[in-house]
There are 2 protein chains.
Amino acid sequence: MIAKCSVDYAGRLTSHLPEATRLLMLKSDGSLLVHSDGGSYKPLNWMSPPCVFETEEPTDEQREAGIVDVWKVTHKKTSDQIVVSIFEVIHDSQHELGIDPGLQKDGVEAHLQKLLAEQIDLLGDGHTLVRREYMTAIGPVDILAKDAAGSSVAVELKRRGDIDGVEQLTRYLELMNRDPLLAPVTGIFAAQEIKPQARTLAEDRGIRCLVLDYDAMRGMDIADGRLF
Amino acid sequence: MIAKCSVDYAGRLTSHLPEATRLLMLKSDGSLLVHSDGGSYKPLNWMSPPCVFETEEPTDEQREAGIVDVWKVTHKKTSDQIVVSIFEVIHDSQHELGIDPGLQKDGVEAHLQKLLAEQIDLLGDGHTLVRREYMTAIGPVDILAKDAAGSSVAVELKRRGDIDGVEQLTRYLELMNRDPLLAPVTGIFAAQEIKPQARTLAEDRGIRCLVLDYDAMRGMDIADGRLF
DNA sequence: CGGTACATCTCGGCA
DNA sequence: TGCCGAGGTGTACCG
């Protein structure tokens, strides 16, 4: 629906949208999206499922203000509520879409991790894989390996190497180096792209940075597949 | 537009949506959203502005497969691309919405910070406010205060206290304790809710944790307003 | 414009 | 179910 409306939300925060023309999308699960003609994919206001959709008759006061319809959408669990006051309906249509077959993805961190585990010598000559998703008390290290000398190497993998990833790896290293069976553990911060600030922080902490070429690694993977 | 379509995205990752009926929203800035009838506010696929929208004539091969139109949306900077192959148009309409007056919010971190600054004794008896958003070389500390003894206290404020917030405060404390005019600086990690892992990490580093009751603080604020 | 921190984040995975 | 990490995150703010 395209309609002139104002919107009030009360829940984790309260917000108000003054009267303007907007797109209202009501999905079959009762959820509601309020979009403006611009911005990105995030609606101005919304209610996520599971939620209940109700319409109300406008009060005399509301009718006097020009409101022809009131929508009330309430979340089933949190009881967050969104109220849409409709001043004028410009366009209205509804359609049966059916269930969606869903999205097929490729190229996420999981794939990068698999490729790096297969091509572990990218870490340096003589490196061997111990295991992927090596569990520690504070979470899994992406890859645990050993260098040519047999010392432990912890690898944190990101698509984009940011300062957060360095902090994460630092916490792992701190913990692992307290374990006499593992220590000394060195760190490698590997990503398709490493931000200068992240690189600086990492190197300052003695963590090696490694930039990965996803296309080349995938090419290697395909080539390997053909070799065997 | 409601249409039977398949969608291919190639950019930071590659993805494919098989043929199904979906809602296509094309905004005036050229951006595109592909929604299914369910899920939350996030589209199945999208292209954020700034981007260019083009239509293409289907090739003979595509026409044979039942494709009547091809949309190509390309990001102006990253050259990410989304291709929509349209098999059947079920509904099509367009509307001029005009610019949106925008959202008015209340109840976010900024408000919490204002309330805590006003009710600074929540940090403990005898605490006094130095200033909000105290600037350091690596960013602003949410609140800088002094305790009853006159020592500096840095407060990091979150709605939800997570491990990241503790890291953030730790970086600030490390820096500020190098400044002889400020040192010694102690830390308080304040949030409406503090995750157990974050609490453990904070207390391990000598950072005090403080759980805030937003409703009570707002109540105090209103009461104060009425008293004076 | 780049970097940082927040978000009614959403979403998926795994304990 | 809850917690935790990743995201094609988006968005505001500040340098």
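Proteins get letters first, then strands, A, B, ... in listed order; numbering begins at 1 in each.
When the C1' atom is compared between D:dC14 and C:dT8, the two are found 25 Å apart, to the nearest whole Å. Across the C1' atoms, C:dA5 and C:dC9 are found 13 Å apart, a figure rounded to whole Å.
A salt bridge links A:E56 and A:K72; the closest N-O separation between the charged side-chain nitrogens and carboxylate oxygens is under 4.0 Å.
When rounded to the nearest whole Å, the span between CG of A:N45 and C1' of C:dT10 equals 16 Å. Residue B:M135 contributes atom CE, which lies 12 Å from atom C1' of C:dA5 at whole-angstrom precision. Remark: P of D:dG2 and NZ of A:K77 are 8 Å apart, rounded to the nearest angstrom. The nearest whole Å value for the distance from the OH atom in B:Y41 to the P atom in D:dT9 is 14 Å. Per the geometry, CD belonging to B:E133 stands 17 Å off P belonging to D:dA12, to the nearest Å. Between the CZ atom of B:R132 and the C1' atom of C:dA5 there is a distance of 16 Å, given to the nearest Å. In this structure, B:Q168 places its CD atom 12 Å from P of C:dA7, rounding to the nearest Å. Nucleotide D:dA6 holds its P atom 16 Å from the CG atom of B:L13, rounded to whole Å.
Between A:S15 and the phosphate of C:dT8, there is no side-chain N or O to OP1/OP2 separation shorter than 4.0 Å. Between C:dT8 and A:Q81, no contact under 4.0 Å exists linking OP1 or OP2 to a side-chain N or O. The side chain of B:S48 places an N or O atom within less than 4.0 Å of a non-bridging phosphate oxygen (OP1 or OP2) of D:dG10. For B:Y172, a side-chain nitrogen or oxygen approaches OP1 or OP2 of C:dA5 to under 4.0 Å. Phosphate contact (OP1/OP2 of C:dT10, side-chain N/O of A:W46, threshold under 4.0 Å): present.
At a threshold of 4.0 angstrom between heavy atoms, the contacts of B:E156 are confined to the sugar-phosphate backbone, with no base atom among them. Counting any heavy atom pair closer than 4.0 Å across all strands shown, A:M47 reaches no nucleic acid atom.
In summary, the side chains of A:Q81 and A:T74 do present a donor paired with an acceptor at a separation below 3.5 Å, with no hydrogens or angles considered.
Comparing A:D80 and B:P140 by the nucleotide of DNA chain C that holds the closest heavy atom to each, the one mapping nearer the 5' end is B:P140. Projected onto DNA chain D by closest heavy-atom contact, A:G39 and B:I82 fall at different nucleotides, the more 5' of which corresponds to B:I82. Taking for each of A:K42 and B:R171 the nucleotide of DNA chain C with the nearest heavy atom, the 5'-most of the two is the partner of B:R171.
Listed candidates were D:dG10, C:dC11, D:dG8. Nearest to the side chain of A:S40 is D:dG10.
When atom types are taken as modelled, the side chain of B:R22 and the backbone of B:C5 share a donor-acceptor pair closer than 3.5 angstrom. In this structure, A:N177 contributes its side chain and A:V185 its backbone to a donor-acceptor pair below 3.5 Å.
If you take CD1 on A:I207 and CD1 on A:I188, they are separated by 10.5 Å, rounding to the nearest 0.5 Å.
A stacked arrangement is assigned to A:Y9 and the six-membered base ring of C:dT8, with a centre-to-centre distance below 5.5 Å and an interplanar angle below 30°.
Applying the 6.0 Å contact sphere to NZ of B:K4 captures no more than 12 heavy atoms from other residues, nucleotides or ligands.
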